[in-house]
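Remarks on the structure that follows.
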Amino acid sequence: MKPSLEVKIHNLVLKNPVMTASGTFGYGPEFEDFFDPSTLGGIFVKGTTGKLRQGNPYPRMAETPMGMLNAVGLQNKGVDGFINDIYPRIKHYHTNLIVNVSGSTIEEYIEVAEKINSLDHVPAIELNISCPNVKEGGMAFGTSCPSAAAVTRAVREVYQKTLIVKLSPNVTSIAEIAQAVEGEGADAVSVINTLLGMAINAETRRPVLSTVTGGLSGPAIKPVALRMVWQTANAIKIPVIGLGGIMTASDAIEFILAGATAVQVGTANFIDPAVCPKIIEGIEDYLIRHGIDNIKSLISGLNIN
Amino acid sequence: MKPSLEVKIHNLVLKNPVMTASGTFGYGPEFEDFFDPSTLGGIFVKGTTGKLRQGNPYPRMAETPMGMLNAVGLQNKGVDGFINDIYPRIKHYHTNLIVNVSGSTIEEYIEVAEKINSLDHVPAIELNISCPNVKEGGMAFGTSCPSAAAVTRAVREVYQKTLIVKLSPNVTSIAEIAQAVEGEGADAVSVINTLLGMAINAETRRPVLSTVTGGLSGPAIKPVALRMVWQTANAIKIPVIGLGGIMTASDAIEFILAGATAVQVGTANFIDPAVCPKIIEGIEDYLIRHGIDNIKSLISGLNIN
Amino acid sequence: MRKFIHDFHVVENRDLNPGHFVLTLKPDVELTPIFPGQFTEVRVDGSANTFLRRPLSIHDVDYKANTVTLLVQKKGDGTNRLASMKYGETVNLVYPLGNCFHIGSSGERALLVGGGCGVAPLLYLGKVLAKSGIHVTTLMGARTEEYIMEAELYKRYGELLITTEDGKAGTKGYVIHHEIWRERNFSFDRVYTCGPDPMMKAVARLAARHHVPCEVSLEQTMACGVGACLCCVVETNEGNKCTCTDGPVFDPNNLINWL
Amino acid sequence: MRKFIHDFHVVENRDLNPGHFVLTLKPDVELTPIFPGQFTEVRVDGSANTFLRRPLSIHDVDYKANTVTLLVQKKGDGTNRLASMKYGETVNLVYPLGNCFHIGSSGERALLVGGGCGVAPLLYLGKVLAKSGIHVTTLMGARTEEYIMEAELYKRYGELLITTEDGKAGTKGYVIHHEIWRERNFSFDRVYTCGPDPMMKAVARLAARHHVPCEVSLEQTMACGVGACLCCVVETNEGNKCTCTDGPVFDPNNLINWL
Ligand SMILES: Cc1cc2nc3c(=O)[nH]c(=O)nc-3n(C[C@H](O)[C@H](O)[C@H](O)COP(=O)(O)OP(=O)(O)OC[C@H]3O[C@@H](n4cnc5c(N)ncnc54)[C@H](O)[C@@H]3O)c2cc1C
Ligand SMILES: Cc1cc2nc3c(=O)[nH]c(=O)nc-3n(C[C@H](O)[C@H](O)[C@H](O)COP(=O)(O)OP(=O)(O)OC[C@H]3O[C@@H](n4cnc5c(N)ncnc54)[C@H](O)[C@@H]3O)c2cc1C
Ligand SMILES: Cc1cc2nc3c(=O)[nH]c(=O)nc-3n(C[C@H](O)[C@H](O)[C@H](O)COP(=O)(O)O)c2cc1C
Ligand SMILES: Cc1cc2nc3c(=O)[nH]c(=O)nc-3n(C[C@H](O)[C@H](O)[C@H](O)COP(=O)(O)O)c2cc1C
Ligand code: FES
Ligand code: FES
């Protein structure tokens with residue numbers, strides 16, 4: 001018998017726990033040549049703001065040991081652009097489309113959330129209070145309990161469907177921030193966004209990124225992400241979606257054992273655009289090999305004795 | 001003409017800016033077969049506590065993508081063991097011997113610092129308020145401004161030579177912690193200790209480390225370390241000693257450009273036990289190639305325009 | 001154009017000079033159609049410091065032999081690892097990526113200007129242009145004689161002009177110093193260029209002065225190569241565009257600060 | 001013993017069975033003296049997932065040919081990369097590391113017990129023992145007949161006994177099931193063992209029952225191999241000891257929870 005890969009995040013039913021991380025999978029069509037996005041548990045689309053944004057100047061990327069820094073800075077067509085130009089092209093996907101909602105002010109988060117609330121085929125949003133790449137706001141909201149609580153509360157008031165908050169790893173205690181947003185009615189948290197990092201070109205004596213600092217992602221951050229998922233899952237009751245450096249099915253299983261109900265795959269999509277179906281298959285193989293008939297029994301299944 | 005590699009950290013004169021990081025170079029003799037430790041700018045010896053400690057149970061190590069987690073947990077012979085058994089074997093080194101002072105209580109830090117104060121050939125200590133691997137204390141001191149200030153103040157009262165404080169990267173704002181210890185009379189800061197991480201064996205569904213979490217080091221953390229050195233150097237006036245993932249001369253130069261006056265090499269010693277002389281040589285080559293006659297002119301030399 | 005991820009086998013790895021080599025690669029399946037100017041994202045296995053794929057232009061395509069060829073400059077760890085690849089080893093490619101050069105009408109005269117390893121995409125371009133009945137002139141700028149690459153191959157599709165910095169071969173100077181640009185010599189309907197940005201800018205300005213259309217091929221650093229990460233942007237009149245999907249070939253008229 | 005960091009060249013890479021291979025390595029300089037039981041830390045280049053060096057026992061030393069030999073089990077990325085190494089490729093070794101087996105006096109009888117790739121250090125040990133006039137008996141435990149490794153070589157230095165799990169070759173069962181352990185057969189002055197911990201513990205207990213000294217060779221995970229990181233500890237009667245410098249060879253009487 002095939003094992004069940006289905007998990008639930010609040011009201012969302014995911015056919016499998018593998019989703020793609022915001023900013024690393026475009027909107028889905030970019031990967032249609034490689035596999036059918038409908039096979040995913042969900043798609044977190046690129047960070048969406050109130051108005052169209054050009055993002056940061058080039059260069060926006062630096063390769064690092066087993067990772068990369070990005071300073072894209074939320075380039076996107078704005079929420080109206082998303083609704084008019086992009087949504088019609090992807091709403092037929094048989095998967096959970098989740099919009100990553102970003103902003104500089106609480107008002108902007110509210111504006112975007114309200115507009116997305118009306119889209120039938122978007123059952124959830126992910127509040128990005130952790131983007132390290134825009135000067136005004138973004139990460140600042142995610143690095144203190146009061147501000148994280150404030151933006152969650154404001155959005156909760158206008159948004160009725162599943163509300164996921166994406167947490168920043170650049171904090172002393174991610175568990176406390178998680179508790180703060182849980183207290184304001186968040187339905188789940190995503191852990192983690194990128195670690196703030198920096199790259200320098202020794203030869204030119206200049207920063208590699210136009211913004212000097214940027215967000216670190218990829219396998220390099222996996223140990224930190226895993227630790228934060230574990231700490232967060234032990235501190236709150238709502239589900240945790242784990243991400244940070246997942247490249248393989250084994251990585252995904254580790255996050256699930258640490259307490260994640262589902263996972264997101266980010267930077268790995270750049271190395272292998274067809275990695276997600278491989279991860280899904282690998283999880284299924286793992287379950288069969290270990291004689292487990294339901295993935296749910298692996299969640300928080302870490303044996304620490 | 002040979003360029004000058006000499007730098008100063010408060011009263012310490014370093015013949016070159018390359019030192020070895022605490023816990024990664026033993027006490028020096030371990031590497032004598034590979035090169036003469038006296039060629040280093042300095043040696044930070046293993047974390048030293050009031051009493052002998054056995055450290056954490058095995059397993060204490062997990063390899064990660066371009067890094068490693070350790071949970072050694074301050075195994076050491078205690079300050080008296082250091083003074084009686086080890087110090088006599090290394091005090092003849094013609095370099096700066098710096099003792100990494102660790103503890104669980106402020107009293108323990110004071111006890112160790114006082115005893116080390118009397119050693120003629122130890123011109124400085126490094127207060128380790130950032131060890132993630134011992135339950136009681138350690139990192140806890142380094143993750144809030146008041147506690148970091150308190151332990152610095154207490155040790156400053158009893159310790160007259162150069163006082164370096166080693167900061168934890170597991171905080172929201174490392175610059176604020178740096179300012180707090182600067183305010184209490186620290187003469188320099190070391191940035192960074194290990195990032196708290198975790199590793200899981202998916203097959204056994206167990207943590208790899210006996211302590212579940214451990215400290216992440218190696219090239220994986222370099223982008224975060226570099227960012228923190230830059231933020232710290234911009235926030236304080238005392239010198240910053242940079243470390244985290246340095247493997248090559250170019251890495252060392254990047255830290256110096258970001259604001260470090262000197263650097264420490266840690267995990268790289270495991271990959272190439274003779275890496276330090278290569279880094280020193282590489283820095284010299286860089287200076288010659290760039291027509292720079294004094295390394296001091298590179299410190300904070302990052303051109304961000 | 002549908003994109004694929006395929007394993008290719010190294011059929012040949014040929015050194016051109018101390019800094020450049022040519023890799024000929026063959027997949028197990030049939031090659032998909034590739035257009036001049038397109039590139040591939042190459043996964044470099046066995047290089048600890050090469051995490052991301054490496055974008056490389058398609059240098060040549062041989063549908064009969066079912067091979068693609070890459071002309072690569074040894075730059076850092078990634079390209080040096082590729083340089084060490086031996087017959088039979090496997091490389092994984094995502095291809096074909098990006099847009100392509102515009103192919104004009106039969107009888108036109110095209111000038112292809114390449115500098116350094118920027119000549120890479122111009123061989124396949126010359127081949128396709130020649131096949132389309134277009135008169136091809138390739139102007140190749142090399143540092144020294146040693147760095148003139150595959151002259152015989154380029155000559156197959158038209159005239160080959162050369163500049164070297166010391167003048168030991170061809171005209172002395174950079175590509176823009178070649179006499180072909182003088183008013184009385186210039187007789188082209190279209191200019192294509194690939195190479196360092198300053199060279200391409202100078203070429204684009206010369207083309208503009210001669211009032212002929214020009215296309216430039218950019219090399220912004222890339223993470224994904226498929227339009228997902230938005231790392232490879234270039235500023236255009238219509239806002240930021242992705243070099244990997246909207247390019248790598250652009251009309252310099254649309255690029256900010258180019259003309 | 002002075003430690004060195006040297007580049008070695010692959011002289012031979014020989015498959016023993018699907019899971020094991022033997023690498024013969026030669027440095028440009030003269031080999032330093034190596035004692036049985038010592039190991040080397042091998043830098044594995046060209047494997048993105050292998051950051052740390054890999055500790056491997058010295059399987060054999062040939063001072064005349066100036067080579068060392070490693071017997072390696074393909075476990076993960078690191079050992080699989082080593083398995084792919086070809087003649088002439090370079091590997092960097094830190095060696096010789098650790099303590100060594102105790103060599104008794106001429107005329108003694110030694111039993112060497114190896115399980116799986118734990119047989120690795122026993123070949124060189126047998127060689128040195130035999131040279132010292134000690135009677136060597138090697139007891140090798142293999143999963144199946146296919147996994148009996150280099151039987152002919154071990155036989156050069158003494159008797160070779162074998163156990164396999166299915167009994168198709170030698171005695172059926174594990175090494176501890178061999179009849180050599182029966183009171184009337186046991187005639188050894190010393191036991192050496194290397195293999196999985198549970199096997200070594202069982203062997204150590206049998207040796208204790210026969211009242212002969214025993215030495216076990218541990219394989220704790222290591223980062224530095226030179227006593228600097230304190231990652232490779234094992235609990236002993238005198239507190240934590242480093243397997244890389246105080247070991248890998250230990251007297252099981254000194255290890256906590258071993259007898
Ligand atoms: C669309 C496209 C097509 C290309 N076609 C070719 C080709 O046909 N032949 C060829 O030899 N090269 C080509 N390149 C460039 C090639 O991708 C880089 O040289 C290669 O990625 C370097 O990898 P590396 O690991 O060897 O060097 P790295 O270690 O990654 O880099 C070495 C140095 O070069 C710099 N660098 C690397 N890539 C770039 C870049 N794209 N732009 C600016 N600086 C960079 C790095 O910052 C570093 O300082 C192309 C690039 C693009 C974007
Ligand atoms: C002193 C010493 C001598 C050794 N001698 C030999 C030898 O002669 N021949 C030989 O084949 N092997 C020997 N080993 C073991 C060898 O070091 C490991 O098998 C090797 O490091 C695995 O590397 P890898 O990259 O292939 O696998 P990895 O991907 O690193 O590991 C694969 C799996 O094995 C586990 N693992 C790896 N190393 C160890 C270890 N030391 N202890 C427990 N679990 C581990 C990992 O956790 C992982 O689950 C020795 C080890 C030590 C400490
Ligand atoms: C190029 C790039 C763009 C990103 N854009 C966004 C974004 O718009 N919103 C967001 O919440 N996270 C964004 N992220 C962060 C990822 O969603 C993810 O949290 C992070 O990359 C860690 O996961 P990974 O290691 O699997 O990539 C971006 C990451 C990358 C690499
Ligand atoms: C095995 C190991 C043991 C360590 N022990 C100590 C210690 O006792 N005291 C301390 O302050 N830091 C200790 N550290 C942290 C290092 O000194 C250094 O801050 C960290 O490893 C980052 O530098 P790196 O990436 O160059 O290794 C230890 C690190 C490792 C890997
Ligand atoms: S490289 Fe990712 S969008 Fe172009
Ligand atoms: S491996 Fe580092 S002390 Fe033994």
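We name chains A, B, ... by the order of the sequence lines, and we start the count at 1 in each one.
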For atom NE2 of B/H121, decide whether the heavy atoms of other residues, nucleotides or ligands shown that lie under 6.0 angstrom number more than 12. yes

Taking 4.5 Å as the heavy-atom cut-off, does anything in residues 47-76 of chain D contact chain B, and if so which residues? D/N49, D/T50, D/F51, D/L52, D/R53, D/R54

Hey, does D/R43 have a side-chain heavy atom less than 4.5 Å from the side chain of B/D272? no

Return the SG to NZ distance between D/C229 and B/K46, rounded to the nearest 0.5 Å. 9.0 Å

Please list all pairs meeting salt bridge (charged side-chain N to carboxylate O under 4.0 Å, His left out) that have one or both residues in residues 27-44 of chain B, counting only residues at least two apart or in different chains. B/D33-D/K3

Would you please name every residue forming a side chain to side chain contact (heavy atoms under 4.5 Å, CB included) with D/P36, sequence neighbours left out? D/F101, D/I103, D/Y124, D/L125, D/V128

For a side chain to side chain contact (heavy atoms under 4.5 Å, CB included) with D/L230, tell me which candidate from B/N70, B/N76, B/V72 qualifies. B/V72

Tell me if a side-chain donor or acceptor on B/Y58 pairs with a main-chain N or O of D/N240 at a distance below 3.5 Å. no

So for D/V226, is it side chain, backbone, both, or neither that comes closer than 4.5 Å to the heavy atoms of chain B? both

Could you check whether atom CZ of B/F35 has more than 12 heavy atoms from other residues, nucleotides or ligands sitting under 6.0 Å from it? yes

List the steps, then state whether side chain to side chain contact (heavy atoms under 4.5 Å, CB included) holds for B/M61 with D/C232. CA-CA 8 Å; B/M61 197 274 288; D/C232 63; over 6 Å; no

Of the listed B/G67, B/P29, B/A62, B/G23, the one with the largest count of heavy-atom pairs under 4.5 Å with chain D is B/G67

Closest-packed option against chain D by number of heavy-atom pairs under 4.5 Å, given B/F25, B/F270, B/F31: B/F270

B/K77 atom NZ, neighbour heavy-atom count above 12 within 6.0 Å: no

Which residue pairs satisfy the salt bridge (charged side-chain N to carboxylate O under 4.0 Å, His left out) criterion with at least one member in residues 218-243 of chain D, sequence neighbours excluded? D/E238-D/K241

